[in-house]
Amino acid sequence: MSRETIVAGNWKLNKTVGETRQLIRELRNRLAGIDSAATVIVCPPTVALETAVDAARDTGIAVGAQNVYWETSGAFTGEVSPAMLEAVGVEYVLIGHSERRTIFGETDEDVNRKLHAVLRSDLTPVICLGESLGQREAGETEAVVRSQLGAGLEGVAPDHAGRLIIAYEPIWAIGTGKTATPEMVNDVHRLIRRTIADMFGGLAADGMSLLYGGSVKPENARSLMAEGDIDGVLVGGASLKNESFAEIVRAAP
Ligand code: PEP
């Protein structure tokens, strides 16, 4: 079955409001010359989201946030709710990026609470997961991925499963220049799809877009997205320059 192809850029802690506006304007011009059916998403820092939505209007580029909190309002200094993101026109949100997990101590339970809050809104969640180098070398990839899926997606109603996007991002490949081979990624994606089928049924599994993230560049994007179970990519470093990000979009099938 045909699934949505997605090319998403995670800008992390990069780009001011002014730079965001400029980058999106330039990206729009570059994408105008590319024939691609991929959904293109950019995830700038929180303070630049409103500007990003404004700059991306009528361009076909969607805007995502890098993080969200599960509460709606109250004494939660520094946090942002799903409703606040929606109010500025954000459509997607990353949940559980490995940097949130390793640097800020987010657990699978936090991911699960965020996911439920997002599913109560109209935002589309992109749930990030993946193993560390030590876990891969110890042969624990399958157990780690299954456990992150089980705990992170616990309690999600089967009729909400169609709204989920999952990004497999092995920690050892993020920002390191080490890319997992397309075959390696496809194997894990098949495992994710089987696990999703066990949890929510085959239809949900077949229709779910599974993204890969970890040192994706124009040079490896095409071979990654040529694999049957890799439906798109989540790009960090290479999304900060339009030359490389647009080439990755061009590589999407
Ligand atoms: C990411 O931050 O999600 C990511 C995959 O980063 P990079 O492409 O730089 O490895």
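Counting convention: from 1, in listed order, for ligands and their atoms alike.
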State, with a plain yes or no, whether a side-chain heavy atom of Val68 is found less than 4.5 Å away from one of Ser81.
no
Tell me the closest heavy-atom pair linking Val118 and Pro125, and the distance in Å.
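Answer, listing the atom of Val118 first, then Pro125: CG1-CB, 3.8 Å.
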Could you tell me which atoms of ligand 1, counted from 1 in the order shown, lie closer than 4.0 angstrom to a heavy atom of [X]?
{"X": "Gly214", "result": "5 (C), 10 (O)"}
{"X": "Gly213", "result": "5 (C)"}
{"X": "Ser215", "result": "7 (P), 8 (O), 10 (O)"}
{"X": "Leu234", "result": "3 (O), 5 (C)"}

Examine ligand 1 and decide if any of its atoms is less than 4.0 Å from a heavy atom belonging to [X].
{"X": "Ala238", "value": "no"}
{"X": "Ala173", "value": "yes"}
{"X": "Lys217", "value": "no"}

Given Gly236, Gly175, Cys128, which has its nearest heavy atom closest to atom 10 (O) of ligand 1?
Gly175
Charged N to carboxylate O under 4.0 angstrom, [X] versus [Y]?
{"X": "Glu106", "Y": "Arg101", "value": "no"}
{"X": "Glu247", "Y": "Lys217", "value": "no"}
{"X": "Arg193", "Y": "Asp198", "value": "no"}
{"X": "Arg3", "Y": "Asp229", "value": "yes"}

Nitrogen or oxygen of Thr176 less than 3.5 angstrom from that of ligand 1
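N/O-N/O distance under 3.5 Å: no.
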Checking the N or O distance criterion of under 3.5 Å, is ligand 1 in contact with Glu169?
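Yes, since at least one N or O of Glu169 sits under 3.5 Å from an N or O of ligand 1.
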Among all residues two or more places apart in sequence or in another chain, which pass the ring-ring contact (aromatic ring centres under 6.0 Å, His included) test with Tyr69?
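ring-ring contact (aromatic ring centres under 6.0 Å, His included) list for Tyr69, sorted by chain: Phe76.
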Test side-chain hydrogen bond (donor to acceptor under 3.5 Å, both in side chains) on Asp110 and Thr107 and set out the steps.
CA-CA 5 Å; Asp110 295 333; Thr107 62; 3.3 Å; yes
With distance as the sole criterion, is a donor-acceptor pair present between the side chains of Glu227 and His189 under 3.5 Å?
no
Quick one: look up the protein heavy atom nearest atom 9 (O) of ligand 1 and list residue, atom name and how far away it is.
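Residue, atom and distance for the closest contact: Gly237 N, 2.8 Å.
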Please report which non-hydrogen protein atom sits nearest to atom 1 (C) of ligand 1, along with the residue it belongs to and the distance in Å to one decimal place.
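Scanning the protein heavy atoms, the shortest distance from atom 1 (C) of ligand 1 goes to His97 NE2, 3.2 Å.
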Which bit of Ile174 is near ligand 1, meaning a heavy atom under 4.0 Å away: side chain, backbone, both or neither?
both
